Number of protein chains: 2
Amino acid sequence: MQKWHSRSQPSDTGCLPGAAKVGRVSSVAYRLSNMRSQSAGAAGRKSQIKVLRTGISAVRSVASGASAPARQGLPLNEIIVGDCLEELARLPEESVDLVFADPPYNLQLENSLSRPDQSLVDGVDDDWDKFANFSAYDRFTRDWLAAVRRVMKPDATLFVIGSYHNIFRVGAILQDQGYWILNDIVWRKSNPMPNFRGRRFTNAHETLIWAAKSAGAKNYRFNYELLKAGNEDCQMRSDWLFPICTGAERLKDAAGRKTHPTQKPEALLVRVLLAASAPGAVVLDPFFGTGTTGAAAKRLGRGFVGIERDETYAAAALARINAVEPLPESAVAEAPSKRSEPRIPFSAVIEAGLIRPGDILADEKKRHFAVVRADGAISIGAVAGSIHKIGALAQGLPACNGWTFWQFQRGGEYEPIDALRSLMRASLREAAE
Amino acid sequence: MQKWHSRSQPSDTGCLPGAAKVGRVSSVAYRLSNMRSQSAGAAGRKSQIKVLRTGISAVRSVASGASAPARQGLPLNEIIVGDCLEELARLPEESVDLVFADPPYNLQLENSLSRPDQSLVDGVDDDWDKFANFSAYDRFTRDWLAAVRRVMKPDATLFVIGSYHNIFRVGAILQDQGYWILNDIVWRKSNPMPNFRGRRFTNAHETLIWAAKSAGAKNYRFNYELLKAGNEDCQMRSDWLFPICTGAERLKDAAGRKTHPTQKPEALLVRVLLAASAPGAVVLDPFFGTGTTGAAAKRLGRGFVGIERDETYAAAALARINAVEPLPESAVAEAPSKRSEPRIPFSAVIEAGLIRPGDILADEKKRHFAVVRADGAISIGAVAGSIHKIGALAQGLPACNGWTFWQFQRGGEYEPIDALRSLMRASLREAAE
DNA sequence: AGTGGGTTTGAATCGAGGG
DNA sequence: ACCCTCGATTCAAACCCAC
């Protein structure tokens with residue numbers, strides 16, 4: 001029995017396989033070119049990162065402005081050092097499967113904040129987080145969201161993360177642009193920064209918006225069964241609990257200062273990629289930062305395209321990603337989902353001789369009986385129809401899954417006819433090999 | 001030590017006193033007029049609800065349109081049956097301490113949804129939740145947010161609750177209007193409706209925005225210490241866990257159908273009121289529905305003003321609120337918070353003779369020593385200043401709380417001078433009685 | 001674009017039964 | 001009288017897809 005309590009503290013139980021172990025990165029240097037060639041758009045391109053003599057081991061934008069040439073294909077598994085809008089414009093349209101975006105939050109910190117012991121909180125005060133006003137931030141948001149949308153395949157989805165400073169503006173703008181919100185997700189921090197002044201609630205979460213490219217895009221990727229299997233056979237909810245990025249995972253410079261003020265935990269990205277992409281998919285991150293998206297993508301056998309303006313961040317990201325050891329393919333391969341199984345008409349079961357015309361089907365409780373017809377329909381009295389229609393009719397329900405409702409007799413025992421469908425599928429798989 | 005786990009399921013521990021026991025309402029009928037007269041704006045008004053012969057026991061809007069007369073004072077502890085915008089315009093400006101708003105969510109439902117057992121989900125299909133498009137919803141939102149803002153006292157705050165369908169628009173618009181967001185808060189549902197089709201994450205939370213009337217309003221009410229004391233001495237976080245409103249708390253009609261499709265749990269409102277209002281404060285709810293805000297307000301010794309367009313909802317709300325038994329005053333009375341304690345200048349301690357000019361103060365580790373001066377300053381060598389300034393100077397820090405840093409000698413033992421401040425305050429309280 | 005196949009929960013509550 | 005477990009029942013701010 002589940003009890004609920006109202007104390008505002010995290011203490012969830014259970015785990016997501018794969019996600020729990022990604023906290024540390026291997027220290028073994030590793031070339032991106034070692035990644036296996038992946039997915040669309042990369043045909044004929046080398047996925048090796050060009051090392052410039054400046055020490056920035058990343059592809060550098062050659063030109064800027066409207067005259068910059070469009071790229072021939074996706075720069076797969078490369079970090080593009082350049083302006084997000086310019087570089088997005090050069091990517092081929094409808095070319096990526098998933099987008100993860102962690103834009104500037106527009107934090108508007110007016111004064112410095114100090115802890116009770118008077119030490120200074122190292123907040124976000126970088127120039128890239130400064131905007132003159134809401135209207136400037138909105139313009140910036142409209143621009144990058146539109147640029148990203150062009151690059152998304154029709155069934156691609158987008159994740160954006162933000163805080164209350166910016167997420168409402170981002171959410172409203174993406175709705176205005178035709179994106180269709182599928183969920184908002186809260187990342188609950190197990191170890192947030194406390195509220196030192198005692199003037200507000202501890203800001204213990206950030207919000208992600210998950211959106212499809214349009215309301216009509218129904219065929220977006222969502223690995224429902226995988227997530228459920230990894231969550232103790234419980235549907236994955238919209239509230240996720242992760243610690244913030246600290247310790248060995250947090251990138252630091254030689255002096256021990258954090259390389260990036262808002263580095264996201266890799267476990268968060270792992271869940272995003274596991275939820276909404278397939279192995280081999282291409283993930284675009286237009287605000288690549290120190291490359292958490294790239295690290296998670298490499299680990300999970302996904303490809304990435306990263307755009308980052310700051311050379312220091314890009315260099316740190318490259319070194320980090322090179323050090324990532326991908327998980328073995330077997331740990332990442334898709335399990336077949338029910339939805340993806342081939343469709344078997346009931347008539348095929350009859351044609352295969354697994355059941356014969358004239359045989360009797362019954363429901364589990366033996367309250368309803370139907371006769372198998374030669375044409376693949378079944379009948380109760382004078383009424384004939386599909387296994388689903390007749391099952392629904394028998395129960396007086398609007399619909400019914402005939403495969404699980406109806407049972408057939410084998411050796412005195414009744415068994416769902418779904419067992420026959422499984423047999424058919426197994427032999428289909430054999431034939432394919 | 002706190003453990004974190006990534007399983008996306010709720011299992012928080014602990015409880016908020018008072019909030020846990022509000023699940024059931026007393027069945028004893030109770031007139032609103034029994035509530036003790038409260039707070040500003042009610043002077044000279046009877047807080048009794050007029051019972052109309054229609055059976056709607058609520059104040060009915062007499063006229064509509066621009067010519068409607070402004071009310072003389074706040075209709076305290078009454079439910080106004082009428083249009084939200086018209087009625088808000090008739091309330092006196094700067095008259096309420098807190099606003100809780102649960103506006104229509106604009107859910108945009110297109111199709112019917114059935115559960116795996118083929119039963120139909122009883123969704124929100126009411127006319128009041130239908131808007132032609134985002135732009136119409138935005139207009140509606142701008143209007144009510146502006147009308148509410150006029151009625152708020154300068155230090156009042158606003159809570160709005162919503163889902164991903166509407167909350168981003170609400171948040172952006174209130175920022176545009178000059179409201180200043182203090183927190184976004186997630187209400188995590190311990191028992192959300194599952195995702196029946198397996199196409200998205202279980203939508204297991206709703207979002208509240210907490211905002212001050214303006215960026216400059218720093219003196220808003222936040223009962224930090226009360227919340228912390230009720231949360232196992234842990235700061236209250238921005239993620240709250242409550243069950244949805246079901247069982248005996250859920251209002252139902254004679255046929256057993258839920259009276260309102262989206263009734264909020266009273267525990268949620270109790271937390272809101274405990275966090276951001278004082279006993280006797282006036283809480284405005286412009287979308288009163290079945291009166292959860294009023295019920296929680298009455299229980300906690302707060303006053304309310306409710307506006308509701310639908311007569312059925314208003315009638316249900318009135319009956320419900322009348323049945324609420326207020327908590328005893330002692331359970332609701334404010335504990336004195338540090339911030340509300342009277343300010344004691346150090347000179348007053350000297351004037352009271354609790355410490356004498358020439359006495360020596362030292363820090364806990366006896367590394368710094370200072371001399372008490374007659375003027376209420378202290379000095380180290382030639383440098384004189386406040387207990388805070390000199391404490392900071394001694395440690396080389398930008399600031400210091402002199403009351404806890406400096407100690408004085410009493411009977412051979414050193415004790416923080418804060419003990420003297422406590423003495424002063426105790427005698428002040430005595431004098432006040 | 002309409003038709004129809006076939007897929008899709010989980011928490012709270014309450015009563016029965018065992019100890 | 002009480003504690004526990006088990007299972008049935010109830011009910012919850014909407015979510016399909018291929019042919």
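In what follows, every chain begins at residue 1, and chains take the letters A, B, ... in the order their sequences are listed. These numbers come from a predicted model, not from an experiment.
Mapping B:Arg199 and B:Tyr105 onto DNA chain D by nearest heavy atom places B:Tyr105 at the nucleotide closer to the 5' end.
The base of D:dA13 sits within donor-acceptor range of the side chain of B:Asp102, with an N or O pair under 3.5 Å. Residue-to-nucleotide contacts include a donor-acceptor pair under 3.5 Å from the side chain of B:Lys264 to the base of D:dA13.
The side-chain hydrogen bond (donor to acceptor under 3.5 Å, both in side chains) search around B:Asn203 returns none, not counting sequence neighbours. B:Gln263 pairs by the side-chain hydrogen bond (donor to acceptor under 3.5 Å, both in side chains) definition with nothing, not counting sequence neighbours. Taking the side-chain hydrogen bond (donor to acceptor under 3.5 Å, both in side chains) definition, one finds that B:Lys258 meets it with nothing, sequence neighbours left out. Contacts of A:Ser277 classified as side-chain hydrogen bond (donor to acceptor under 3.5 Å, both in side chains), with partners at least two apart in sequence or in another chain: A:Arg302. By the salt bridge (charged side-chain N to carboxylate O under 4.0 Å, His left out) test, A:Asp233 pairs with no residue at all, sequence neighbours left out.
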Just the table, please: protein N/O against nucleotides 1-5 of chain C N/O, every pair under 3.5 Å.
| residue | atom | partner | partner atom | Å |
| --- | --- | --- | --- | --- |
| C:dG5 | OP2 | A:Ser386 | OG | 3.2 |

Protein-nucleotides 9-12 of chain D N/O pairs closer than 3.5 Å?
| residue | atom | partner | partner atom | Å |
| --- | --- | --- | --- | --- |
| D:dA12 | OP2 | B:Lys258 | NZ | 3.0 |
| D:dA12 | N7 | B:Arg115 | NH2 | 2.6 |
| D:dA12 | N6 | B:Arg115 | NE | 2.4 |

ask   = In dot-bracket notation, what is the pairing pattern of DNA chain D, taking Watson-Crick (N1-N3 plus N6-O4 or O6-N4) and G-U wobble (N1-O2 and O6-N3) contacts under 3.5 Å, with [ ] crossing and | for other strands?
value = .|||||||||||...||||
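Sorted by first and then second residue, the pairs that involve residues 415-429 of chain A and meet side-chain hydrogen bond (donor to acceptor under 3.5 Å, both in side chains), not counting sequence neighbours, are A:Glu341-A:Arg429, A:Arg410-A:Glu415, A:Asp418-A:Arg421. Annotation: salt bridge (charged side-chain N to carboxylate O under 4.0 Å, His left out) contacts involving residues 394-405 of chain A, sequence neighbours excluded, are absent. Under the side-chain hydrogen bond (donor to acceptor under 3.5 Å, both in side chains) criterion, the residue pairs touching residues 120-134 of chain B are B:Trp128-B:Tyr313, with sequence neighbours excluded.
D:dC15 atom C1' lies 12 Å from atom CG of B:Leu107, rounded to whole Å.
You'll find that the side chain of B:Leu113 is closest to D:dC15, out of D:dA13, D:dC15, D:dC17. Of the candidate nucleotides C:dT7, D:dA13, D:dC15, D:dC15 has the atom lying nearest to any side-chain atom of B:Tyr164.
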Can you give me every donor-acceptor pair (side chain of residues 343-356 of chain A, partner residue at least two apart or in another chain, under 3.5 Å) with its distance?
none

ask   = Please walk me through it: do B:Asp102 and B:Lys264 pass salt bridge (Lys or Arg N to Asp or Glu O under 4.0 Å)?
value = CA-CA 9 Å; B:Asp102 183 9; B:Lys264 296 291 175 291; 3.1 Å; yes
